[in-house]
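As structure tokens, the structure follows; a few thoughts come after it.
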Amino acid sequence: MLLRTSRLEKSHLRATDGRIGKIETFLFDEEQWVLRYILAKYGFAFLSRRVLISPMSVTGALRDSEAIAVGLTRKQIKNAPPADLAQPVSRKKEAQFLSYYRMPAYWGGAGLWGGALTPLEAGALFISPHWVREISWIERRISIDMALEQLRDVPKIGAGGEPSRDEEEHLHDFFGMARYWN
């Protein structure tokens with residue numbers, strides 16, 4: 001489904017633990033013409049703050065675009081590096097921002113999002129082959145024994161490419177799975 005960005009501007013931003021601010025506007029890559037960031041604003045009047053949200057964190061739109069849901073907590077958004085749009089967003093600022101959210105960089109690959117064509121593909125989900133119950137090549141389906149709610153709340157790992165051992169341990173603990181290296 002395609003929506004005009006003007007329809008989404010001023011929508012509420014819903015974190016995993018409640019509403020936090022509104023969408024102010026969208027920032028597009030002028031060379032690739034692809035959405036790179038959502039500029040969100042939260043707080044009141046002089047105490048308001050602007051932050052960048054990656055499309056990789058969007059989990060859905062709620063009630064006819066009245067709110068955009070993101071897979072981030074209110075605390076993560078509040079503590080995010082501030083968005084200073086007085087100057088263009090530099091690659092250094094983008095790297096700092098993506099590092100904070102523990103998301104992979106979109107540059108350095110053949111796709112619009114690194115090696116991926118969409119933000120969802122770029123936000124890689126690491127699943128151990130030991131957790132796979134069945135693979136159907138005909139149906140192009142992999143079956144795993146995990147609740148859908150668990151998969152929606154999976155922690156983001158592997159921002160630098162491969163996950164670190166700490167991230168891997170956290171992922172195994174999150175799913176309640178035995179560690180293969182023990």
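When a residue number appears, it is its place in the shown sequence, counting from 1.
Taken from CD in Gln96 to CZ in Arg91, the straight-line distance is 14.5 Å, to the nearest 0.5 Å. Thr16 contributes atom OG1, which lies 7.5 Å from atom CG of Leu72 (distance to the nearest 0.5 angstrom). Note: His170 NE2 to Phe175 CZ = 10.0 Å, rounded to the nearest 0.5 Å. Taking CE of Met56 as the start and CG of Leu98 as the end, the distance is 5.5 Å to the nearest 0.5 Å. Atom NZ of Lys22 and atom CD1 of Ile68 lie 13.0 Å apart (nearest 0.5 Å). Note: Thr73 OG1 to Asn79 CG = 8.0 Å, rounded to the nearest 0.5 Å.
Val51 approaches Ala80 most closely through the heavy-atom pair CG1-CB, 4.0 Å. When all heavy atoms of Lys75 and Tyr100 are compared, the pair lying nearest together is O-OH, 4.0 Å. Scanning both residues, Leu35 and Phe28, for their nearest heavy atoms gives N-CD2, 3.5 Å. Nearest heavy atoms, Arg36 versus Pro55: O-CD, 2.9 Å.
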- request: Quick one: do Leu52 and Ile38 satisfy side-chain contact (heavy atoms from CB on, under 4.5 Å)? Show the steps, please.
  value: CA-CA 6 Å; Leu52 297 175; Ile38 299 166; over 6 Å; no
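By the 4.5 Å heavy-atom criterion applied to side chains, Arg74 and Ile77 are not counted as neighbours. Put simply, the side chain of Tyr42 does not reach to within 4.5 Å of the side chain of Arg19, judged on heavy atoms.
Side-chain atoms of Tyr101 do not come within 3.5 Å of backbone N or O of Ile53 as any donor-acceptor pair. In this structure, Arg50 contributes its side chain and Asp84 its backbone to no donor-acceptor pair below 3.5 Å.
Counting heavy atoms of neighbouring residues, nucleotides and ligands inside a 6.0 Å radius, atom CZ of Arg49 exceeds 12 of them.
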